[in-house]
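Heads up, the thing below is written out as structure tokens.
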Amino acid sequence: MVRKMFLILFSTALMSILLFACSNQKTEDVSSTRPFTDYKGHEVNIPVSPKRIIFWGETYSDLLAIDVNVVGAGFSWIKGFIFEDKVKNVEDLGLPINLEKVLELNPDIIITGSTDEKEYEQLSKIAPTLMFDTFEQLDKRMLIIGDIVGKKKEAEQWLAQYQEKTDEMWEKLKKAGVQPGETATVLTFYPGDRLFVMARTGLSQVLYQQGGFAPTGKIQELLDENSGFKEISTELLPEYAGERIFILTPVDEEARRSTDDLMKNKLWSNLPAVQKGHVYTIDILKSGSDALTREWLAEQIPNLLTK
């Protein structure tokens, strides 16, 4: 009888513990998410500390800079970039994003640089999904991504270190003869003989920092419109060309030929920057606005101007 009573009491106690644990787990599950509104206005409940993160966009190394593990990404923004060798155990989700692969990875959160609402709807059925502005200025962008993945403090620390590096860069450039208020332009060709001027994206973000190079009037208009870039005709180039011109060398062979043809053009040779020898070339894959490329550029840009 004593043994039977003991078993009954033990079972009752065990059940109470399990019920308490389940209740406590439910409370933890509720408190482990929080509301977040992305830059396109989607209100989403996201994990406080996501572990399985998908990032699909052109600023992948923002996450590498603050030591965030990613399970899936778009390798179009990784292959050939300066940080490629640091990317380990990450699944390539392709371009456009492969929904089946996303589903297989069972993510806690999906962060996408795409603004396609139909695609967003499909992704949000798999996991909490945020649209992320990869064109946002680095100092704001790093704090946002740090907040999303629960590493805002690390993002603040990285930005402080990066600021020191950019301060050193501008000091070197001043010694190299760069004058306050000098204008700069970033150009590149795409296949189809399409010439683009960069505004809110890539290398331009580095050049148009406070105390750095200034955009020309036409490029300032693009910045005011929050435009990342604009296609222009060759005839309009003198209106956009600054006192320094940076050419992003394309990957595509046809676009490379277009670049060579431009440099043989009389209109090109008459530009003041060309006549003064203030033209510099950078591999387009090494000219991004992502965190680790920005660090690399802070070291390389002074070298370009002092060759």
Side-chain angles (χ1 to χ4, degrees), residues 58 80 135 137 166 169-289 293-294 296-307:
E58 63 186 76
F135 287 172
Q137 292 295 315
T166 55
M169 177 186 76
W170 291 117
E171 283 301 315
K172 290 177 181 177
L173 290 173
K174 287 176 184 176
K175 291 177 181 178
V178 174
Q179 300 299 312
E182 266 194 73
T183 56
T185 302
V186 182
L187 303 168
T188 195
F189 271 97
Y190 273 64
D193 202 32
R194 303 172 67 197
L195 176 62
F196 285 83
V197 58
M198 302 293 115
R200 192 172 168 251
T201 184
L203 179 61
S204 297
Q205 284 196 13
V206 183
L207 302 180
Y208 302 147
Q209 294 177 35
Q210 186 174 359
F213 289 106
T216 63
K218 285 288 187 180
I219 296 174
Q220 184 60 56
E221 291 176 11
L222 299 178
L223 293 170
D224 293 341
E225 296 167 1
N226 280 331
S227 296
F229 45 81
K230 181 180 180 179
E231 183 177 0
I232 64 170
S233 66
T234 304
E235 290 72 27
L236 291 178
L237 187 53
E239 298 180 26
Y240 288 86
E243 295 165 275
R244 309 263 179 175
I245 296 177
F246 293 79
I247 299 286
L248 307 182
T249 307
V251 174
D252 182 86
E253 189 59 38
E254 180 187 353
R256 284 174 177 264
R257 287 196 296 271
S258 295
T259 306
D260 293 338
D261 290 342
L262 173 65
M263 293 182 175
K264 298 171 185 175
N265 191 308
K266 186 176 181 180
L267 182 146
W268 171 261
S269 61
N270 285 334
L271 294 174
V274 177
Q275 293 179 344
K276 292 180 180 179
H278 290 171
V279 178
Y280 318 97
T281 58
I282 299 179
D283 183 340
I284 194 169
L285 297 183
K286 295 178 172 61
S287 69
S289 59
T293 300
R294 291 283 290 267
W296 182 83
L297 285 169
E299 297 175 357
Q300 295 300 314
I301 290 173
N303 296 336
L304 275 178
L305 269 66
T306 54
K307 280 184 179 179

Could you tell me whether a side-chain N or O of [X] sits under 3.5 Å from a main-chain N or O of [Y], the two making a donor and an acceptor?
X: Thr188; Y: Leu248; value: yes
X: Thr293; Y: Lys286; value: no
X: Glu243; Y: Pro272; value: no
X: Thr216; Y: Ala241; value: no
X: Arg200; Y: Leu223; value: no
X: Tyr208; Y: Ala199; value: no
X: Gln179; Y: Gly177; value: yes
X: Thr306; Y: Ala176; value: no

When rounded to the nearest 0.5 Å, the distance separating CG of Leu236 from NZ of Lys230 is 7.5 Å

Take atom CZ of Phe229 as the centre, draw a 6.0 Å sphere, and report whether it contains more than 12 heavy atoms from other residues, nucleotides or ligands. no

| Do the ring planes of Tyr280 and Phe246 sit parallel (below 30°), tilted (30 to 60°) or perpendicular (above 60°)? | tilted

Contacts of Asp224 meeting side-chain hydrogen bond (donor to acceptor under 3.5 Å, both in side chains) (sequence neighbours excluded), chain-then-number -> Gln220

